[in-house]
S.K.: 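There's a structure below that I have some questions on.
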Amino acid sequence: MAGLNDPIPLLPGQLSIAGEGAASRGPGELVAPAVEPEERELEAALRPKNLDDFVGQERVRKQLSLVLAASKIRGRSADHVLMSGPPGLGKTTLAMIVAAEMNAPLRISSGPAIQHAGDLAAILSSLTEGEVLFLDEIHRMSRPAEEMLYMAMEDFRVDIIVGKGAGATAIPLELPSFTLVGATTRAGLLPGPLRDRFGFTGHLEFYSVAELELVLRRSAGMLDLKLTSAGFSEIAGRSRGTPRIANRLLRRVRDWALVHGIETIDARSASAALDMYEVDVRGLDRLDRSVLEALVNKFNGGPVGLSTLAIAVGEESETVETVAEPFLVREGLLGRTPRGRIALPAAWEHLGLRMPGNAVAAAMLPIDEDI
């Protein structure tokens with residue numbers, strides 16, 4: 001294994017950036033704390049600022065545009081908006097766009113941060129007229145806070161309880177008109193009364209490779225990067241249908257190209273960079289491949305229980321179930337059956353292995369989503 005101080009191997013035709021002063025450059029300069037604010041600013045800058053710049057989610061974008069346009073014509077706050085879908089698809093970005101389109105201030109909080117009704121009352125009582133309140137992971141709010149939110153969303157009023165026992169009194173507190181934008185990765189955990197109080201509900205889908213290429217082209221322009229069409233396609237194909245991952249991989253490819261002195265990133269350069277970061281051609285990372293390799297090599301394709309599989313890869317069961325499994329199942333590489341997890345034919349093919357007969361029989365087991 002190469003050491004930290006070993007020279008980085010170059011592809012044919014590339015130039016080394018080692019030159020005058022390179023010997024005195026310490027490794028800490030690449031990750032100096034002074035660079036972190038700039039990186040955070042870049043992440044924020046990559047977010048679209050309006051619906052016209054937002055790429056993908058065509059159906060949700062058109063519906064939301066109509067809701068916001070009608071609200072502006074009426075001169076009133078927009079209806080409450082609920083965004084659901086997997087992480088990284090743009091729920092937070094759309095909340096910011098709602099505030100920008102309505103020319104209103106934005107307040108950001110999250111469900112786990114609101115554990116008491118008093119926490120929510122403090123936030124609601126400080127809102128201004130027309131303000132947009134964004135609650136991420138809204139399904140993780142406490143039940144008392146949820147019940148207070150019902151009245152706030154519908155009547156723009158909350159009741160503050162003063163005192164305890166028989167002497168307790170409820171003081172009504174009028175709230176200004178506001179727009180609540182809720183985001184959740186698990187819409188099924190939202191209680192019906194809360195879900196029904198949202199005037200618009202949008203579900204975000206995974207992006208196609210073509211849509212991710214558009215996201216990457218916009219981000220590359222803002223980062224002043226030069227990529228070929230094949231370079232964009234290479235990164236988009238490994239981004240798991242998620243813009244957040246696509247932008248993250250683009251920044252890592254940018255770093256790799258900077259270190260190797262490459263001005264224009266083509267498919268070969270992007271592939272070499274992502275291979276170094278252990279992201280393969282289908283977007284599988286180290287954990288994904290570890291799960292598949294353990295399932296195939298140690299358990300002959302399964303079926304095997306989740307806890308046993310997690311021990312085999314040295315991870316917690318929750319990590320395997322929530323981080324690795326969703327993508328592997330969506331890609332048709334892993335199946336969940338009543339007897340445990342199994343490797344599907346595509347997994348054997350991806351690992352370059354021949355599927356034995358007994359593994360074929362296991363793959364014929366009925367898939368059970370509710371294990």
Side-chain angles (χ1 to χ4, degrees), residues 44 46-86 88-111 114 120 123-139 141 145-158 173-188 190-208 211 214-215 218 243:
L46 294 180
R47 293 184 185 272
K49 300 299 187 294
N50 53 63
L51 285 174
D52 292 335
D53 292 339
F54 191 87
V55 177
Q57 311 296 341
E58 190 69 19
R59 176 179 52 83
V60 173
R61 188 162 56 88
K62 287 183 177 179
Q63 294 172 348
L64 184 59
S65 176
L66 182 63
V67 169
L68 298 180
S71 299
K72 287 189 283 188
I73 292 174
R74 292 196 307 267
R76 299 181 57 186
S77 299
D79 283 345
H80 303 302
V81 176
L82 177 64
M83 294 293 174
S84 63
L89 299 186
K91 297 185 293 294
T92 301
T93 299
L94 283 174
M96 295 179 176
I97 288 176
V98 168
E101 294 280 354
M102 297 302 295
N103 196 26
L106 175 67
R107 186 78 58 90
I108 299 178
S109 187
S110 64
I114 303 176
L120 180 62
I123 295 175
L124 294 175
S125 61
S126 63
L127 294 176
T128 59
E129 186 71 27
E131 190 166 356
V132 175
L133 172 61
F134 174 57
L135 291 182
D136 198 10
E137 295 298 305
I138 191 172
H139 64 273
M141 271 200 314
E146 279 180 1
E147 294 175 353
M148 174 177 284
L149 195 56
Y150 297 160
M151 185 178 297
M153 293 173 66
E154 199 164 37
D155 302 327
F156 298 106
R157 181 175 68 90
V158 293
L173 176 64
E174 298 295 329
L175 302 175
S177 177
F178 68 95
T179 297
L180 174 66
V181 180
T184 176
T185 55
R186 306 182 69 179
L190 281 179
L194 178 58
R195 189 167 54 246
D196 294 342
R197 281 171 167 79
F198 286 96
F200 171 75
T201 301
H203 180 74
L204 305 188
E205 306 285 351
F206 285 104
Y207 282 58
S208 66
E211 289 173 332
L214 295 177
V215 172
R218 177 182 179 276

S.K.: Where is the tightest heavy-atom contact between Pro86 and Thr185, given as atom of each residue plus distance?
M.R.: C-CG2, 4.4 Å
S.K.: Taking the side chain as every heavy atom from C-beta outward, state whether Val55 and Pro48 have any pair of such atoms under 4.5 Å apart.
M.R.: no
S.K.: Would you say NZ of Lys62 has more than 12 non-hydrogen atoms from neighbouring residues, nucleotides or ligands within 6.0 angstrom?
M.R.: no
S.K.: So Leu190 and Leu82, do their side chains get closer than 4.5 Å, heavy atoms only?
M.R.: yes
S.K.: Using modelled atom types and a 3.5 Å cut-off, is there a donor and acceptor pairing between side-chain atoms of Lys49 and backbone atoms of Ala100?
M.R.: no
S.K.: For residues His203 and Glu205, report the shortest heavy-atom separation together with the two atoms involved.
M.R.: CD2-OE2, 3.2 Å
S.K.: Given the rule in the side-chain contact (heavy atoms from CB on, under 4.5 Å) test, do Ile114 and Ile123 qualify, once you have shown the distances and angles that lead to the verdict?
M.R.: CA-CA 10 Å; Ile114 303 176; Ile123 295 175; 4.0 Å; yes
S.K.: Going by heavy atoms in the side chains, are Ser84 and Leu204 under 4.5 Å from each other?
M.R.: no
S.K.: Quick one: does any side-chain atom of Ser71 pair with a main-chain N or O of Val67 as donor and acceptor, under 3.5 Å?
M.R.: yes
S.K.: Minimum heavy-atom separation for Met102 and Ala78, please, with both atom names.
M.R.: CE-N, 4.0 Å
S.K.: Just verifying a value: how many Å separate Ile97 CD1 and Thr92 OG1, rounded to the nearest 0.5 Å?
M.R.: 11.0 Å
S.K.: Could you check if a side-chain atom of Phe54 sits within less than 4.5 angstrom of a side-chain atom of Leu64, using non-hydrogen atoms only?
M.R.: no
S.K.: Atom CZ in Phe206, atom CG in Leu89: separation rounded to 0.5 Å?
M.R.: 5.5 Å
S.K.: Considering residues at least two apart in sequence or located in another chain, which fulfil the salt bridge (charged side-chain N to carboxylate O under 4.0 Å, His left out) criterion with Glu137?
M.R.: none
S.K.: How many angstroms lie between atom CG of Leu180 and atom CD1 of Ile138, to the nearest 0.5 angstrom?
M.R.: 5.0 Å
S.K.: With side-chain contact (heavy atoms from CB on, under 4.5 Å) as the criterion, how do Met96 and Ile108 come out once you've worked through the C-alpha distance, each side chain's angles and the decisive distance to 0.1 Å?
M.R.: CA-CA 9 Å; Met96 295 179 176; Ile108 299 178; 4.2 Å; yes
S.K.: Please find the pair of heavy atoms, one from Ser77 and one from Ser177, that lie closest to each other, and give the distance.
M.R.: OG-OG, 3.1 Å
S.K.: Measuring from Glu146:CD to Met141:CE, what's the distance to the nearest 0.5 Å?
M.R.: 5.0 Å
S.K.: Of Leu133, Val132, Thr179, Val181, which meets side-chain contact (heavy atoms from CB on, under 4.5 Å) against Leu106?
M.R.: Val132
S.K.: Looking at every non-hydrogen atom in both residues, tell me the closest pair between Gly88 and Pro243 and how far apart they are.
M.R.: O-CD, 3.3 Å
S.K.: Which atoms form the tightest heavy-atom contact between Glu101 and Asn50, and what is the distance?
M.R.: OE2-CB, 3.4 Å
S.K.: Check ring-ring contact (aromatic ring centres under 6.0 Å, His included) between Phe178 and all other residues, then give those that pass, not counting sequence neighbours.
M.R.: His80, Phe156
S.K.: With side-chain contact (heavy atoms from CB on, under 4.5 Å) as the criterion, how do Met83 and Phe200 come out once you've worked through the C-alpha distance, each side chain's angles and the decisive distance to 0.1 Å?
M.R.: CA-CA 9 Å; Met83 294 293 174; Phe200 171 75; 4.0 Å; yes
S.K.: Can you check whether Glu211's main-chain N or O pairs, donor with acceptor, with Ser208's side chain at less than 3.5 Å?
M.R.: yes
S.K.: Contact between Leu175 and Leu127 at the side-chain level, heavy atoms closer than 4.5 Å - yes or no?
M.R.: no
S.K.: In Å, rounded to the nearest 0.5 Å, how long is the span from CG of Asp79 to CE of Met153?
M.R.: 9.5 Å
S.K.: Kindly determine whether Lys72 and Asn103 satisfy side-chain contact (heavy atoms from CB on, under 4.5 Å), including the steps that lead there.
M.R.: CA-CA 10 Å; Lys72 287 189 283 188; Asn103 196 26; over 6 Å; no
S.K.: Donor-acceptor pair, Tyr150 side chain versus Arg197 backbone, under 3.5 Å?
M.R.: no
S.K.: To the nearest 0.5 Å, tell me how far Leu135 CG sits from Leu120 CG.
M.R.: 7.5 Å
